[in-house]
Amino acid sequence: MRNKEVANKLYELASLAELAGENPFKINAYIEAARRIENLPIPIEELAKEGKLTEIKGVGSGIAKKIKQFLETGTIEKLEEFKKKVPPSLLELEKIPGIGPKAALSLYKHLGIKTVEELKEAAEKGKIRDLPGFGPKKEENILKALQGMKKKEEKRVSIGLALPLAEFIKDEIKKKAPVDKIEICGSIRRMKETIGDIDILVTSRESEKVMEVFSNLPVVKEVLVRGETKTSVITEEDIQVDVRVVEPEFFGAAIQYFTGSKQHNVKLRELAIKKGLKINEYGIFKGEKRMGGEKEEDVYSLLGLPWIPPEMREDRGEIEEAIRGELPKLIDYKDIKGDTHVHTEYSDGVDSIEKMAEEAIKMGYEYIVISDHAESLGVASGMSIKKFKKQKKEIDKLNEKFGDKFRIFFSVELNILSDGSVDFPEEELDIFDFCIAGIHSGFNQSMEKITNRIKRAMGIKKVKIIAHPTGRIIGERGEYKVDIEEIFKEAKNTGVFLEINATPSRLDLSDLNVMHAKSLYGLKFTIGTDAHAAVSLRDMRYGIGVARRGWLTKEDIINTLPLKKFEKIMKKS
DNA sequence: GCCGTTTTCGGCCCGACTGTTTTCAGTCG
Ligand SMILES: Nc1nc2c(ncn2[C@H]2C[C@H](O)[C@@H](COP(=O)(O)OP(=O)(O)OP(=O)(O)O)O2)c(=O)[nH]1
Ligand SMILES: [Mg+2]
Ligand SMILES: [Mg+2]
Ligand SMILES: [Zn+2]
């Protein structure tokens, strides 16, 4: 599947076109096409072969030709032309805050600056300030940025890091400033797996005081911009935080705006125009008249749409579905009845079985699946059958104690070994209620090998769940080479469930994975936290976020089932 | 460069902040 590759090429084309001063709408068309291709569930090569490229939204004859060119020759003529016109290294300059395509080009045209090093030298010599459109302030800002190595590099962080920090900052502001309402917005509210920055909306009649408090929070390392309604800072953790303050009556329109995504907002605003309306962060207007905007729902209802859940707001077709009145009823954060992937101190977890169970009960669960590592995973204190038997005794005892109020399922996280076998022979697996299997070694094998390993494991009777099917660790390593399409097919054939691993550094399967697996194969999934400590059971929300972003309903997730039904399905042979 | 269920041409979201400017362009959200 070369979709990502093609999309990146189009993004590159867009950046260079922008630098070269192309028509902004054309640039937007490149970006829009790239975005659509990224979201595509099927390989673009196949569409190209069948001459169906223009069936992709945002791809017309011009871009289709470029895609074909790229697939056949590895590059695009137009892109090479741009590269001759403007040095691609200028894109590096755009990573400095405050420098965009216009400034980068001007630096090149007037001073011949092509690289960050050359820029630094020129700034130090005071050459920048005399350029048209530049001045002493801009020169100083460039120098400051370069000295602090401050770059707007795509340094996205895991939502597992960003969400708790956002909650902390929100509480701090709430405690110290005259706040009416305060909400976390942006990609965090949409539960995206990685977060570019933290966005917080505040309603207050005293924006000056709110900004003063926010700018002076102890976590704030530096204030980037400070205005009456918008302030941006960098925290000690080097994460940007944007705070937007509006008066209380604008809350609805403002939270709609600040939640995004950008593409969703643009689509919505275009729809408004077609209906003779205008949307901004202050409301939805007909001429001068404000028709609504106190509540978020207003913005949608005045367009004749139902409220769209934030996790769906990615312009992946949700507005069209809303127009048709066919939005799915997403799984709710309260629908989960149990956690299907949990470790204890028996292997590499830190808490006891009982402690994990008690925490699960606190969360309102009816059951939990204990799935410690099997012996081949030495680094994670993988266990022998003998040790599992001992663990079973403890679980039996606890189950007796809990009675019918709560159930601990006895499972194991088997390792899918290099040849596709697992730690124990099949007959030994009968002690478990059911088994989970996952790849923890041999990541570098060929796609065919890895795919076959997983398929073989799926053929084992007791195996009911494949853990973290793609093996990616966000920000660390990509997916191992696996034909995920094949795995989806096999899951459909065998009835084995694929996991949404809710550990924030995994989130595997991903939102797009499950969206495609459901729409193409009708698959259902389990959500498991892979918790190694009681507190990590709370990671469930990230897994549910993935499911919601993948448009899944309660019925698509097995562990929304009450205990008896869950048991019946998982123990079915 | 793409799009259209009244358009195949004329639109393509809209506003805040900064630094430059003397009325606004560029950058960013
Ligand atoms: N209408 C409109 N809204 C925008 C635009 N850019 C950003 N927004 C809104 C929607 C975004 O979700 C919100 C916050 O902007 P961010 O740049 O922080 O983006 P977001 O949080 O979605 O993603 P991120 O993870 O931070 O990269 O502001 C824009 O160009 N037009
Ligand atoms: Mg953001
Ligand atoms: Mg932001
Ligand atoms: Zn695990």
I'd like to know whether [atom1] of [X] has more than 12 heavy-atom contacts from other residues, nucleotides or ligands below 6.0 angstrom.
X	atom1	value
Glu228(A)	CD	no
Lys267(A)	NZ	yes
Glu297(A)	CD	no

Report task. For a side-chain contact (heavy atoms from CB on, under 4.5 Å) with Phe258(A), tell me which candidate from Arg189(A), Arg244(A), Glu183(A) qualifies. Result -> Arg244(A)
Query raised in the report: For the side-chain contact (heavy atoms from CB on, under 4.5 Å) test, which of Thr75(A), Ile76(A), Val59(A) pairs with Lys66(A)?
Result: Ile76(A)
Mind checking the [atom1] distance from [N] to [M]? Whole angstroms is fine.
N	M	atom1	value
dA16(B)	dG11(B)	P	25 Å
dC9(B)	dT5(B)	P	16 Å
dT6(B)	dG1(B)	P	29 Å
dC13(B)	dC28(B)	C1'	14 Å
dC3(B)	dT8(B)	C1'	9 Å
dT21(B)	dG26(B)	C1'	12 Å
dT20(B)	dT27(B)	P	13 Å

Report task. State whether Glu247(A) and Arg205(A) are salt-bridged, where the test is any N-O pair (Lys NZ or Arg NE/NH1/NH2 against Asp/Glu carboxylate O) under 4.0 Å. Result -> yes
Please confirm whether the shortest side-chain N or O distance from [X] to OP1 or OP2 of [N] is below 4.0 Å.
X	N	answer
Lys274(A)	dG4(B)	no
Lys26(A)	dG1(B)	yes
Asn28(A)	dC12(B)	no
Lys230(A)	dT18(B)	no

Counting only N and O atoms by type, is there a donor-acceptor contact under 3.5 Å from the side chain of [X] to the main-chain atoms of [Y]?
X	Y	value
Arg190(A)	Thr259(A)	yes
Gln256(A)	Ala254(A)	no
Ser261(A)	Arg313(A)	yes

If I take atom [atom1] in residue [X] and atom [atom2] in nucleotide [N], what distance separates them, rounded to the nearest angstrom?
X	N	atom1	atom2	answer
Lys144(A)	dG19(B)	NZ	P	9 Å
Leu131(A)	dT21(B)	CG	P	11 Å
Leu105(A)	dA25(B)	CG	P	17 Å
Arg244(A)	dG15(B)	CZ	P	11 Å
Phe258(A)	dA16(B)	CZ	P	13 Å
Lys102(A)	dG19(B)	NZ	C1'	17 Å
Lys137(A)	dT27(B)	NZ	C1'	17 Å
Ile27(A)	dC2(B)	CD1	C1'	14 Å

Report task. For DNA chain B, determine which residues of residues 294-322 of chain A have any heavy atom closer than 4.0 angstrom to one of its atoms, and list them numerically. Result -> none
Contact class for [X] vs. all strands (heavy atom < 4.0 Å): base, sugar-phosphate, or nothing?
X	value
Ser61(A)	sugar-phosphate
Glu32(A)	nothing
Leu268(A)	nothing
Lys262(A)	base
Ala272(A)	nothing
Lys65(A)	nothing
Gln240(A)	sugar-phosphate
Pro24(A)	nothing
Asn280(A)	sugar-phosphate

Query raised in the report: How would you label the glycosidic angle of dT7(B): syn (within 90° of 0) or anti?
Result: syn
Report task. Could you tell me whether the side chain of Tyr257(A) has a donor or acceptor atom within less than 3.5 Å of a complementary atom in the base of dG29(B)? Result -> yes
Query raised in the report: Quick one: the side chain of Asn23(A) and the base of dG1(B), do they pair up donor-acceptor inside 3.5 Å?
Result: yes
By nearest atom, which of the nucleotides [options] is closest to the [X] side chain?
X	options	result
Lys278(A)	dC17(B), dG29(B), dG15(B)	dG15(B)
Asn141(A)	dG19(B), dG29(B), dG1(B)	dG19(B)
Thr229(A)	dA16(B), dT20(B), dC14(B)	dA16(B)
Glu270(A)	dC12(B), dA16(B), dG1(B)	dC12(B)
Ile273(A)	dC12(B), dG29(B), dG1(B)	dC12(B)
Lys138(A)	dT27(B), dT20(B), dG1(B)	dT20(B)

**Report entry** First of Gly58(A) and Phe134(A) reached from the 5' end of DNA chain B, by closest nucleotide
**Finding:** Gly58(A)
**Report entry** Nearest-nucleotide 5' precedence on DNA chain B, Asn265(A) against Thr231(A)
**Finding:** Asn265(A)
Query - Nucleotide paired to dT8(B) in any strand shown, Watson-Crick or G-U, under 3.5 Å - result: none
Report task. Please step through side chain to side chain donor-acceptor pair (under 3.5 Å) for the pair Tyr11(A) and Glu38(A), ending with a clear verdict. Result -> CA-CA 11 Å; Tyr11(A) 283 129; Glu38(A) 272 182 316; 2.8 Å; yes
Requested in this report: Kindly assign one of parallel, tilted or perpendicular to the pair Tyr282(A) and Phe250(A), based on the angle between their ring planes and the thresholds 30° and 60°.
Outcome: perpendicular
